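No experiment lies behind these values; they were computed from the predicted model shown.
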Amino acid sequence: MIATGQPVSRSHRLRRRLRHGDVPFRLLAATFAFVVVALLVAIVGVAWDGSAAAREAFGLRFLTRTAWNPVAGEFGALPAIYGTIVSSAIALLLAAPPGIMIGIFLSDLSPARLRGPLSLMVELLAAIPSVVYGMWGIFVFIPFFRGAIAEPVSRALGDTVPFLAGPVTVGRGLLVAGIILAIMILPTIAAVSRDVLSVVPTHQREALLALGATRWEVIRHALLPYARAGIVGGMMLGLGRALGETMAATMVIGNTPRIDPSLFQPATTAASLIASQLPTTNTELHSSALVYLALVLFLITLLANSIARLLVWRVAGAAGGRR
Amino acid sequence: MFDTVANAASVRYRRRVWVNRLMLGLTIGSTAVALVPLVLILSYVVRQGVGALSVGFFTETFRPVTIGVAGGAGGVLHAIVGSALIVGAALLLATPLGVLAGIYLAEYRSGPAATVIRFCTDVLSAMPSIVVGVTAYVLIVQRTRQFSGLAGSIALAVLMVPVITRTTEEILQLVPQSMREAAAALGAPRWWTTLTVVLPAALGGIATGVLLAMARAAGETAPLLVTVLGNNQLTFDIFGPMQALPLLAYRYTEQPFAVLNEQAWGAALILVVLVLGTNILVRALTRRRAG
């Protein structure tokens with residue numbers, strides 16, 4: 001080994017040459033990492049720039065105007081914001097209770113053998129492309145919903161409850177969109193609930209069991225309070241997904257930019273208004289108003305998601321960094 | 001007196017037992033109810049979609065339909081080619097960017113820069129896909145006055161990058177620290193260790209991340225709607241309007257012709273098989289490695 005110094009010196013030379021790679025490689029990785037930051041900045045910048053005409057014309061009043069008339073050059077975001085928030089709120093209301101229940105079942109009650117397959121199936125629900133949800137909504141759910149629920153309910157209660165007023169014409173509307181969105185965000189809420197519940201320390205469960213609590217009492221008094229912030233975070237993540245969901249909403253909500261108190265009537269969301277109108281805009285003001293709307297939508301989802309991450313991190317971080 | 005106490009206790013105990021049963025039953029019921037839409041949607045897609053599948057479905061392109069004329073249905077070859085080109089280009093753009101950003105986050109993780117980058121990845125991954133589409137529209141379609149497959153690729157790439165970055169970072173962190181130390185002890189510089197020791201160990205995991213990101217992008221419709229627009233002809237020109245499977249599914253659904261509706265379901269079936277197949281495959285592969 002010591003007989004010839006040559007191999008050593010050669011590997012030494014190689015090592016010295018390689019040593020110089022450290023700084024360039026780190027710079028390369030850092031550059032690409034900062035491209036990710038640049039992407040975000042670019043998106044916001046481009047949206048800001050692209051919405052200049054609409055911002056000049058309407059300013060912040062854009063958010064409270066209700067007219068949306070491309071021909072007359074009248075643009076207001078309120079119907080879209082209203083539709084976005086109401087349909088997402090319906091989705092959250094419908095999806096949160098079963099989503100949390102599923103999370104409880106998967107983390108604490110399910111037999112070990114079923115846990116894997118069930119988790120997989122819930123996650124597959126999240127993987128189905130949203131356009132497929134929209135198609136299913138149009139061909140299957142809306143005909144069923146209109147005949148079995150919307151028409152009888154609006155006939156029975158429509159006169160007294162403005163939220164349920166008829167006549168049910170196309171069947172597309174806020175409530176249908178809310179229900180489809182609920183199916184789509186259910187897996188998000190269930191998966192996050194499962195994750196934050198399964199990091200609750202075992203001694204929390206054992207303490208209550210030792211006091212003679214039933215399994216539900218353990219869940220109700222030990223697990224849920226401990227994981228509350230994380231579960232709320234999961235709900236906010238689901239809300240964020242519902243707010244930004246485009247295709248399913250576009251296909252089932254009816255794309256009518258006006259505010260109608262009845263949940264059975266067609267409405268629109270910010271995302272579906274953009275998707276349905278942006279490719280066919282004729283005036284600069286029209287496209288710029290849609291870009292402005294995209295900017296508003298981005299800020300709304302950013303808000304929901306920031307709250308969500310903060311809450312999930314607080315639970316997961318306290319329990320050892322598992323997300 | 002002891003009797004009444006015992007009675008009251010047993011009533012309360014019975015109530016607790018019943019509440020327990022009721023709530024546990026509710027959790028089981030919720031799980032079952034959640035599976036109902038999955039089964040309904042999947043079975044409907046398969047039932048409708050299989051009817052559309054034929055040799056012509058994969059080898060022909062759009063054929064005009066007129067009311068009252070029973071004719072050949074044509075196929076979706078142009079959409080398959082378009083989807084492959086658009087997603088392929090997005091993959092080429094997003095993979096190096098996402099993987100290198102992930103390497104940076106995992107291997108040089110300390111400092112405020114990593115925190116900023118991690119925050120930006122999170123914001124990007126939560127961004128509605130339509131907002132990304134709008135950006136590509138303003139930046140490319142409006143500037144060039146031309147809808148194009150490439151604009152769609154760029155939008156999809158932006159959606160894929162945070163997924164790839166996140167997975168790469170998580171997988172690299174799973175590579176045992178002792179391997180890095182062993183390489184360092186042999187005198188390998190850090191970047192050489194990363195490239196020849198850490199990266200090969202994590203390659204399978206990174207590949208699954210890229211695969212999942214690709215499957216997700218293949219099903220995205222909204223950003224393509226405002227960038228790629230759609231095209232009834234077979235084209236390999238990525239600088240012009242193209243067709244893509246999710247886009248075709250959407251457009252054909254809105255058509256009044258049953259023939260086209262059926263093809264929409266055929267396209268939906270391809271997408272669902274692609275996306276769910278990838279998810280299940282990835283799951284099976286990762287479980288085998290872990291076990």
Side-chain angles (χ1 to χ4, degrees), chain A residues 15 18-19 21-22 25-26 28-30 32-33 35-37 39-40 43 46-47 50 98 101-102 104-105 109 118 120-125 127-132 135-136 138 140 183 186 190 214-217 240 244 246-247 251 271 274-275 278-279 290-291 294 297-298 301-302 305 309, chain B residues 16-17 19-20 23-24 26-28 30-31 33-35 37-38 41 44-45 97 100-101 103-105 108 116-117 120-124 126-131 134-135 137-139 158 161 165 187 189-192 219 221-222 225-226 229 246 249-250 253 264 268 271-272 275-276 279 283:
Chain A
R15 212 165 70 208
L18 289 179
R19 183 80 61 190
D22 251 350
F25 183 71
R26 183 175 180 153
L28 183 73
F32 275 82
V35 170
V36 176
V37 180
L39 276 180
L40 185 64
I43 288 174
V46 165
M101 286 299 205
I102 296 167
I104 293 172
F105 183 76
L109 300 170
L118 282 177
L120 175 67
M121 286 173 90
V122 170
E123 275 156 36
L124 288 188
L125 202 54
I128 296 176
S130 65
V131 66
V132 176
M135 294 168 69
W136 184 77
I138 288 179
V140 183
I183 300 174
L186 187 67
T214 63
R215 289 184 92 173
W216 171 251
E217 283 163 350
T246 312
M247 287 327 289
M251 293 167 86
I274 298 166
L278 191 61
L290 289 167
V291 177
L297 175 65
F298 169 61
T301 52
L302 182 64
N305 281 303
R309 302 257 172 216
Chain B
R16 286 173 54 203
V17 169
V19 167
N20 181 45
M23 298 314 284
L24 296 193
L26 267 181
T27 65
I28 298 173
S30 300
T31 311
V33 166
L35 300 182
L38 180 70
I41 294 174
Y44 195 80
V45 170
L97 181 54
L100 272 166
I103 290 176
Y104 181 81
L105 286 181
Y108 309 98
V116 170
I117 294 163
C120 288
T121 338
D122 276 352
V123 174
L124 262 188
M127 183 173 280
S129 58
I130 185 72
V131 174
V134 166
T135 311
Y137 174 86
V138 172
L139 203 61
V158 172
V161 162
T165 303
R190 197 161 172 189
W191 72 282
W192 191 247
T221 318
L225 195 60
V226 296
L229 192 65
Y250 168 64
T253 299
L271 284 178
V272 165
V275 173
L276 298 196
N279 270 281
R283 190 67 61 102

Determine the minimum heavy-atom distance between [X] and [Y], stating which atoms define it.
| X | Y | value |
| --- | --- | --- |
| A:Asp22 | B:Pro189 | OD2-CB, 4.1 Å |
| B:Ala34 | A:Leu125 | O-CD2, 3.7 Å |
| A:Met247 | B:Thr221 | CG-CB, 3.2 Å |
| B:Ala101 | A:Ala33 | CB-CA, 3.7 Å |
| B:Val272 | A:Pro129 | CG2-CD, 4.4 Å |
| B:Ala249 | A:Val131 | CB-CG2, 4.4 Å |

Using non-hydrogen atoms only, which part of [X] is less than 4.5 Å away from chain B: side chain, backbone, both, or neither?
| X | result |
| --- | --- |
| A:Ala47 | neither |
| A:Arg26 | both |
| A:Val140 | side chain |
| A:Leu302 | side chain |
| A:Thr301 | side chain |
| A:Leu118 | side chain |

Enter the distance from [X]:[atom1] to [Y]:[atom2] here, rounded to the nearest 0.5 Å.
| X | Y | atom1 | atom2 | value |
| --- | --- | --- | --- | --- |
| A:Asn305 | B:Asp122 | CG | CG | 9.0 Å |
| A:Leu124 | B:Leu276 | CG | CG | 5.0 Å |
| A:Leu186 | B:Leu35 | CG | CG | 9.5 Å |
| A:Trp136 | B:Thr253 | CH2 | OG1 | 14.5 Å |
| B:Ile103 | A:Phe25 | CD1 | CZ | 4.5 Å |

Among the options [options], pick out the one with the most heavy-atom pairs lying under 4.5 Å from chain A.
| options | value |
| --- | --- |
| B:Val17, B:Leu124, B:Leu26 | B:Leu124 |
| B:Thr121, B:Val123, B:Val158, B:Leu271 | B:Val123 |
| B:Ile41, B:Ile117, B:Asn279 | B:Ile41 |

With chain B as the partner, which of [options] has the greatest number of non-hydrogen pairs under 4.5 Å?
| options | value |
| --- | --- |
| A:Ile138, A:Ile183, A:Leu120 | A:Leu120 |
| A:Leu28, A:Ile104, A:Leu109 | A:Leu109 |
| A:Val122, A:Val36, A:Leu290 | A:Val36 |
| A:Ala29, A:Ser130, A:Ala190, A:Gly244 | A:Ala29 |

Legend entry - Reference residue B:Val131; test side chain to side chain contact (heavy atoms under 4.5 Å, CB included); the match among A:Leu297, A:Thr246, A:Ile274: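 In the set A:Leu297, A:Thr246, A:Ile274, the residue that makes a side chain to side chain contact (heavy atoms under 4.5 Å, CB included) with B:Val131 is A:Leu297.
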
Legend entry - Residue of the set B:Ile130, B:Val138, B:Val134 for which side chain to side chain contact (heavy atoms under 4.5 Å, CB included) holds with A:Leu278: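 The passing option is B:Val134.
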
Inset, instruction - Please examine the side chains of B:Leu38 and A:Ile128, heavy atoms only from C-beta on, and report whether any two atoms are closer than 4.5 Å. - result: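 Yes - at least one pair of side-chain heavy atoms lies under 4.5 Å apart.
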
Legend entry - Partners meeting salt bridge (charged side-chain N to carboxylate O under 4.0 Å, His left out) with A:Arg215 (sequence neighbours left out):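 Salt bridge (charged side-chain N to carboxylate O under 4.0 Å, His left out) check on A:Arg215 returns nothing, list empty.
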
Inset, instruction - Quick one: list whatever passes side chain to side chain donor-acceptor pair (under 3.5 Å) with B:Ser129, sequence neighbours left out. - result: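 Counting only residues at least two positions away or on another chain, B:Ser129 forms a side chain to side chain donor-acceptor pair (under 3.5 Å) with B:Glu220.
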
Inset, instruction - Assess whether side-chain contact (heavy atoms from CB on, under 4.5 Å) is satisfied between B:Val45 and A:Met135, documenting all intermediate values. - result: CA-CA 9 Å; B:Val45 170; A:Met135 294 168 69; over 6 Å; no

Residue part contacting chain A, namely of [X], when any heavy atom lies under 4.5 Å:
| X | value |
| --- | --- |
| B:Ile28 | both |
| B:Leu229 | side chain |
| B:Val226 | both |
| B:Tyr250 | both |

